[in-house]
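Report on one structure; see the data block that follows.
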Amino acid sequence: MTAERISEQLHENGDYERLANELEYKLETCGWASQLRDYTRGIARGNTGIDFKNLYEITLNTATESIPDTVKMGMIKDIKSSVLKLASPNEATENQKT
Amino acid sequence: MSMQPTSLAAISCTIFEDLLRDYTHELTQKIHRMSKLALQKCERCNTYCRQHCTKPGFDIYANNIQTPSSIPYYQCLSCRREIAASRYAAHMEKCKGRSLSSATSYASLLDGDSANDDE
């Protein structure tokens, strides 16, 4: 199973949206989201002529480097369970029971 | 079908990166849009109404923030003292035991004043 196929299936069964909402909730709760917003706003105000693509690249690099490890690990754990459910639903339920 | 642990970790990381990318994209879009709109004149009011004021001593709409030196003062109808607007209601409640909420007492204040004026 390829990553693209798995991603498609996660979209189809609604797990992708659930994971996206969960990520947003975690980032807002820990305050990281507001810090990223302030940072991005500062860059946009400092460079009034900046285009979206450059602003997005800068913001994405900063986000990738600064995202809290606890959030990242928690999300990867949830993603793994969702992916396991797709790959082998029977094994996933057995793992949950144990 | 069983999944190798290394592939599972790699796929999970890829999906996490996609989630973070989507989140960052949406956040950047909103902020970029707001910053661009702030530079444009509003078509309705023909002012830069989206451009928030950042000057010290002013709120985001460029209105004066009330400081102790800028609060207006009004004369108390009872004791004739100059009272700050923010403290006027509290003062009237205590001033000679009279309350603003009591229409009778306020009316009597005005009657008392007009009687004094006649004298």
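Letters A, B, ... mirror the listed sequences (proteins, then strands); counts begin at 1. Keep in mind that this is a model prediction, so the values were computed, not measured.
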Engaged part of [X] at the chain A interface, taking heavy atoms whose separation is under 4.5 Å:
X: B/Lys36; answer: side chain
X: B/Phe16; answer: both
X: B/Gln29; answer: both

Using a cut-off of under 4.5 Å for heavy-atom pairs, which of B/Thr14, B/Asp22, B/Asp18, B/Leu27 has the most such pairs with chain A? B/Leu27

Is it true that, when you exclude B/Arg87 itself, more than 12 heavy atoms of the residues, nucleotides or ligands shown sit nearer than 6.0 Å to its CZ? no

Count the heavy atoms belonging to other residues, nucleotides or ligands that lie under 6.0 Å from CD of B/Glu26, then report whether that count exceeds 12. no

Side chain, backbone, both or neither: which part of A/Ile43 has an atom under 4.5 Å from a heavy atom of chain B? neither

With a 4.5 angstrom heavy-atom cut-off, is it the side chain or the backbone of A/Leu55 that approaches chain B, or both, or neither? both

Can you hop from A/Leu27 to A/Tyr25 via hydrophobic side chains spaced under 4.5 Å? no

Rounded distance [0.5 Å steps], [atom1] in [X] versus [atom2] in [Y]:
X: A/Thr59; Y: B/His32; atom1: OG1; atom2: NE2; answer: 10.0 Å
X: B/Ile11; Y: A/Ile6; atom1: CD1; atom2: CD1; answer: 3.5 Å
X: A/Arg37; Y: B/Met34; atom1: CZ; atom2: CE; answer: 10.5 Å

Which atom names give the shortest non-hydrogen contact between [X] and [Y], and what distance separates them?
X: B/Ser12; Y: A/Lys80; answer: OG-CG, 3.1 Å
X: A/Tyr56; Y: B/Thr24; answer: CE1-C, 4.1 Å
X: A/Ala44; Y: B/Ile31; answer: CB-CG2, 4.4 Å

Based on non-hydrogen pairs under 4.5 Å, which of A/Ile50, A/Asp78, A/Leu19, A/Leu36 is most in contact with chain B? A/Ile50

Cluster companions of A/Met73 among Ile, Leu, Val, Met, Phe, Trp, Tyr (side-chain spacing under 4.5 Å): none

Would you say the side chain of B/His25 lies within less than 4.5 Å of the side chain of A/Phe52, judging by non-hydrogen atoms? yes

Going by heavy atoms in the side chains, are B/Thr28 and A/Leu60 under 4.5 Å from each other? no

Inter-chain contacts: residues 62-72 of chain A against chain B, heavy atoms under 4.5 Å: A/Ala63, A/Thr64, A/Ile67, A/Lys72

